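In what follows, a single structure is set out as structure tokens and then discussed.
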Amino acid sequence: MSAEGVSEVAGASDRFLRACRREPVDLTPVWFMRQAGRYLPEYRAARADRDVLQMSRIPEMAVEITLQPVRRLGVDAAILYSDIMVPLAATGVEVRMAPGLGPVIDEPIRAPSDLSRLRPLDPDSDIPFVLEAVRMLRRDLTVPLIGFAGGPYTLASYLVEGRPARDHPRTRALMHGDPAVWEGLLDRLAGTVLALLRAQVAAGAQAVQLFDSWVGDLDPGDYERFVLPWVSRIFEELAPLGVPRIHFGVGTGELLALMRAAGADVVGVDWRVPLDRAWDRVGRDAAVQGNLDPAVCLAPWDAVERKALEVLRRADGRPGHVFNLGHGVFPQTPPETLERLVDLVHSRTAR
Ligand code: 1CP
């Protein structure tokens with residue numbers, strides 16, 4: 001192939017961004033949600049006894065941990081090491097990371113008077129360390145950098161429940177029981193998310209992912225009424241920045257079309273819906289990201305290979321597939337399995 005032809009179909013440096021835009025690629029790009037984290041011994045060593053909120057405030061640390069999986073696995077994108085709770089903690093919400101559990105807020109947001117505790121995010125003064133990490137990463141990285149934020153429903157679920165909770169019953173009770181408080185809460189969260197993502201892109205992030213991980217709690221009607229307007233606003237206001245916008249949630253089989261309608265360029269799919277069926281629901285005019293069950297990566301290699309090839313078969317070489325897991329890497333995952341998985345996807349999809 002001519003040099004010109006090669007640049008037309010891209011290489012490691014831009015196959016992820018090209019796939020997000022449904023352009024031809026030399027092979028299917030791969031990255032993993034939670035690729036920066038506890039399954040890596042070099043992460044555990046660097047973190048020592050600090051938690052993710054403390055680590056995120058040290059740009060050199062955030063940079064090193066973001067780079068670790070890129071070096072070891074050969075993934076096609078980096079995701080900024082941070083956490084969805086970072087912007088909330090930076091604007092005065094008292095959040096702590098309980099070991100083995102996750103974010104805990106001792107004084108949850110449930111009453112109208114609690115809303116005043118959520119002040120707007122001023123990225124330059126509230127999270128300068130995040131923006132510095134992004135700028136430093138752009139100097140070091142040879143693959144694109146993904147910025148991210150929590151989705152409004154998911155952030156609300158931590159604020160209302162006060163801790164990681166199964167099914168988030170109080171969140172939906174508030175949503176239905178006091179819609180005015182819910183709308184006030186989502187207005188504030190959408191403002192914070194927008195300010196954060198805009199600032200990350202201005203600092204150099206080349207794509208953004210909205211992690212509305214727990215939105216699969218909702219039926220489509222409630223999603224349309226209580227979440228979609230705020231997510232649409234976020235995506236609409238990001239559109240002029242020109243970076244791919246990825247929208248992800250777990251258990252979203254019945255919500256996929258609405259998630260696309262909210263304005264995403266790429267819809268992240270969990271493992272419960274076969275990828276071709278998910279793509280039909282999302283619409284063939286959007287890209288999809290997913291969707292190997294992360295639990296499969298705890299099984300012997302032949303099972304990983306079989307299930308990964310099934311994902312590729314369902315993607316069928318169509319432009320616009322970003323290979324990923326259906327949710328984050330489990331901490332017990334052998335790093336070697338992910339190394340082999342990257343090689344497998346690359347070798348089986350080379351065009
Ligand atoms: O301190 C630690 O090391 C504990 C584990 C940990 C890590 C590695 C937490 C606590 N956060 C993170 C980093 C993190 N969180 C990243 C880094 C970039 C990468 O993906 O490699 C990202 C993108 C997140 C985003 C995040 N935090 C989400 C959305 C993604 C998802 O997995 O659904 C959610 C829901 C959180 C909340 C959170 N933070 C930490 C934990 C253990 C949790 C989940 C708690 C729960 O189950 O409700």
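Excluded from the calculations below are hydrogen atoms, water molecules and symmetry mates; all remaining heavy atoms, backbone and side chain alike, are included. Start at 1 and go down the list; that is how both ligands and their atoms are numbered. Predicted model, so just to flag it, every value in this text is computed and none were measured.
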task = Report the member of Asp51, Thr66, Asp83 with the shortest heavy-atom distance to atom 39 (N) of ligand 1.
result = Asp83
message = Within the 3.5 Å criterion, strictly below it, is a donor on Trp31 or Gln289 matched to an acceptor on the partner's side chain?
response = yes
request  = Please verify whether a non-hydrogen atom of Phe248 lies at under 4.0 Å from ligand 1.
outcome  = no
task = Just need the protein heavy atom nearest to atom 18 (C) of ligand 1, so name the residue and atom and give the distance.
result = Leu80 O, 3.5 Å
request  = Return yes or no for this condition: an N or O of Val52 is under 3.5 Å from an N or O of ligand 1.
outcome  = yes
key: Within reach of ligand 1, part of Ser213 (heavy-atom separation under 4.0 Å)   = side chain
ask   = Which of the atoms of ligand 1 are close to Ile79, meaning less than 4.0 Å from one of its heavy atoms?
value = 18 (C), 19 (C), 20 (O), 21 (O)
query = Gly328: heavy atom below 4.0 Å from ligand 1, yes or no?
reply = no
message = Just so I know, are the side chains of Arg351 and Thr28 near enough to count as touching, which here means a heavy-atom distance under 4.5 Å?
response = yes
query = In terms of side-chain heavy atoms, does Asp316 have a donor or acceptor partner in His321 at a distance below 3.5 Å?
reply = no
remark   = heavy-atom search around atom 48 (O) of ligand 1 in the protein gives Tyr158 OH, 2.5 Å
query = Where is the nearest protein heavy atom to atom 21 (O) of ligand 1: which residue, which atom, and how far?
reply = Ala36 N, 2.7 Å
request  = With rounding to the nearest 0.5 Å, note down the distance linking NE2 in His168 to CD in Glu161.
outcome  = 6.0 Å
task = Classify the angle between the aromatic ring planes of Phe248 and His327 as parallel (below 30°), tilted (30 to 60°) or perpendicular (above 60°).
result = tilted
key: Minimum side-chain heavy-atom gap Pro334-Thr337 below 4.5 Å   = yes
inquiry  = Could you measure the distance from the CG atom of Leu185 to the CZ atom of Phe226? Nearest 0.5 Å is fine.
reply    = 12.5 Å
message = Does either side chain, that of Asp76 or that of His346, offer a donor lying less than 3.5 Å from an acceptor on the other one?
response = yes
Only distances under 3.5 Å count here; give the side-chain donor-acceptor pairs of residues 95-105 to other protein atoms, sequence neighbours excluded, each with its distance to 0.1 Å.
from, atom 1, to, atom 2, distance (Å)
Arg96, NE, Asp106, OD2, 3.0
Arg96, NH2, Asp106, OD1, 3.0

task = Examine Gly102 against ligand 1 and note whether any of their N/O atoms are separated by less than 3.5 Å.
result = no
ask   = If you measure from each heavy atom of Arg50 to ligand 1, is any distance below 4.0 Å?
value = no
query = Checking salt bridge (charged side-chain N to carboxylate O under 4.0 Å, His left out) against Asp276, which of Arg284, Arg318, Arg314 comes through?
reply = Arg314
note = So the atoms of ligand 1 within less than 4.0 Å of a heavy atom of Arg34 turn out to be 14 (C), 15 (N), 19 (C), 20 (O), 21 (O), 24 (C), 26 (C), 27 (N), 28 (C), 31 (C), 32 (O), 34 (C), 36 (C), 38 (C), 41 (C), 43 (C), 44 (C)
key: Per-atom contacts, ligand 1 versus Pro103 - under 4.0 Å to a heavy atom   = 37 (C), 38 (C), 39 (N), 43 (C), 45 (C)
inquiry  = For atom 23 (C) of ligand 1, which of the options Tyr43, Phe148, Trp31 provides the nearest non-hydrogen atom?
reply    = Phe148
query = Got more than 12 heavy atoms from elsewhere within 6.0 Å of CZ, Arg277?
reply = no
message = Heavy atom to atom 17 (C) of ligand 1, shortest distance: which of Pro99, Pro331, Ser82 holds it?
response = Ser82
request  = Classify the side-chain pair Tyr81/Tyr43 by whether it contains a donor and acceptor separated by less than 3.5 Å.
outcome  = yes
query = Nearest protein heavy-atom contact for atom 25 (C) of ligand 1: which residue, which atom, what distance?
reply = Ile84 CG2, 3.7 Å
task = Heavy-atom contacts with Phe211 under 4.0 Å: which atoms of ligand 1 show up? List them by number with element.
result = 23 (C), 29 (C), 30 (C)
task = Compare Met97, Arg166, Arg47 and give the one whose heavy atom is closest to atom 2 (C) of ligand 1.
result = Arg47
query = Identify the closest protein heavy atom to atom 5 (C) of ligand 1: which residue and atom is it, and at what distance?
reply = Arg38 NE, 3.5 Å
query = Can you list the ligand 1 atoms lying under 4.0 Å from a non-hydrogen atom of His327?
reply = 31 (C), 32 (O), 33 (O)
inquiry  = Check for me whether Val250 has a heavy atom closer than 4.0 Å to any atom of ligand 1.
reply    = no
query = Are Thr91 and Asp126 close enough that a side-chain donor and a side-chain acceptor fall under 3.5 Å?
reply = no
